[in-house]
There are 2 protein chains.
Amino acid sequence: MLQISKEYIELISNLFKSFQRLNQKSSNLTHLQNQILEFLFMNHNTLTIKQISEGLNVPKQQMTVLLKRLFDQGYITKSQNKHDKRSFVIELTEKGKTSQQEKWAKIYQNFVNDLSKLDREEQLDLQYAMHKVNYLLKKMED
Amino acid sequence: MLQISKEYIELISNLFKSFQRLNQKSSNLTHLQNQILEFLFMNHNTLTIKQISEGLNVPKQQMTVLLKRLFDQGYITKSQNKHDKRSFVIELTEKGKTSQQEKWAKIYQNFVNDLSKLDREEQLDLQYAMHKVNYLLKKMED
DNA sequence: ATATTTAGTAAATTATCGTTTACTAAATAT
DNA sequence: ATATTTAGTAAACGATAATTTACTAAATAT
């Protein structure tokens with residue numbers, strides 16, 4: 001295995017705990033419902049049902065039901081796709097967005113607390129290195 | 001919000017897609033069962049039932065049942081905790097480990113493919129930056 | 001010694017997940 | 001024009017997930 005791939009996989013592994021926190025269900029949502037909201041939040045544009053069901057590897061038949069539940073609870077909106085009358089686009093409501101942001105707040109808090117274990121110079125190094133990784137990972141996506 | 005925290009959160013977000021892939025169920029395992037194996041794999045030491053159930057935010061009563069199912073299918077072992085006779089420690093079997101490694105292989109392949117979008121120098125930059133991030137994140141955990 | 005906490009189990013019940021088959025209507029291909 | 005594909009819905013059924021109450025036995029506290 002390439003050295004660079006090892007670093008990549010170790011990076012995911014190192015961030016695993018924060019990831020885990022993302023996955024935790026909030027109050028009255030099931031794991032899957034939460035994953036759907038999370039997926040919508042991360043892909044911060046509107047998505048069709050198909051895109052969601054493929055992204056999460058859940059059959060569209062099931063996704064229909066799951067989304068209906070989220071809609072009834074006020075987490076998402078559903079409107080016709082302007083470009084394709086057969087399909088619908090799903091968006092987070094304010095309630096939906098808030099439910100996700102709360103998780104980020106916890107991750108943020110945790111990170112800030114742990115930061116104190118680095119000295120000033122190391123913090124700047126970390127910031128710069130993360131910036132570089134972010135820049136290059138994005139470039140790889142295009 | 002601190003700039004460094006922004007970079008951190010963006011980093012998680014950038015790695016999210018790969019992580020999603022981890023979460024996809026393999027063959028005959030449910031989402032939750034898969035998450036349990038993943039959790040064991042990432043925390044590559046032996047864990048007690050309590051640790052798993054707290055880490056995944058699943059009640060211990062449910063965890064008992066879930067683990068029994070994984071045990072019956074040969075993914076985990078369960079043995080008495082030497083330090084506390086009330087508790088048991090859970091470990092992945094070879095089958096359990098393999099099931100997780102297969103997912104990593106896919107993530108690895110994807111990454112290697114996308115790498116071609118960077119030139120030689122950028123690849124080295126990325127490798128070095130990730131190395132630095134990994135080093136400092138680990139230091140923060142202690 | 002006794003009381004309280006802690007780790008895990010058991011069983012029952014409801015809700016959700018996961019899959020399959022079948023359907024409608026719009027989009028696309030021939 | 002007609003046939004085929006595509007996006008989404010509906011309903012039904014078995015398998016899990018999630019929650020609650022109650023229990024055992026070891027560990028810890030008083």
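Residue numbering restarts at 1 for every chain, and letters A, B, ... go by the order of the sequence lines.
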Pairs counted as Watson-Crick or G-U wobble with both distances under 3.5 Å: what dot-bracket string results for DNA chain D, using | for bases tied to another strand? ||||||||||||||||||||||||||||||
ring-ring contact (aromatic ring centres under 6.0 Å, His included) contacts in which one or both residues fall within residues 110-142 of chain B, not counting sequence neighbours: A/Tyr8-B/Phe111
I'd like to check the side chain to side chain contact (heavy atoms under 4.5 Å, CB included) partners of A/Ser87; sequence neighbours left out, ordered by chain and number. A/Thr48, A/Asn81, A/Asp84
Tell me the salt bridge (Lys or Arg N to Asp or Glu O under 4.0 Å) pairs involving residues 61-74 of chain A, sequence neighbours left out? A/Lys68-A/Asp72
Taking only residues two or more places apart in sequence or in another chain, which ones pass side chain to side chain contact (heavy atoms under 4.5 Å, CB included) with B/Lys17? A/Asn43, A/Glu141
Run the side chain to side chain contact (heavy atoms under 4.5 Å, CB included) test against A/Asn110 and tell me which residues pass, sequence neighbours left out. A/Arg21
With sequence neighbours left out, the residues meeting side chain to side chain donor-acceptor pair (under 3.5 Å) with A/Lys139 are B/Glu122
Check whether any side-chain heavy atom of B/Ile76 lies under 4.5 Å from a side-chain heavy atom of B/Leu37, and answer yes or no. yes
Which pairs, protein N/O on one side and nucleotides 20-26 of chain C N/O on the other, fall under 3.5 Å?
from	atom 1	to	atom 2	distance (Å)
C/dT21	O4	A/Gln61	NE2	3.0

Side chain to side chain contact (heavy atoms under 4.5 Å, CB included) partners for B/Glu91, two or more places apart: B/Thr46, B/Thr77
So, is A/Thr64 near the phosphate of D/dT9, with a side-chain N or O under 4.0 Å from OP1 or OP2? yes
Starting from the 5' end of DNA chain D, give me the residue, A/Lys50 or B/Leu66, whose nearest nucleotide shows up first. A/Lys50
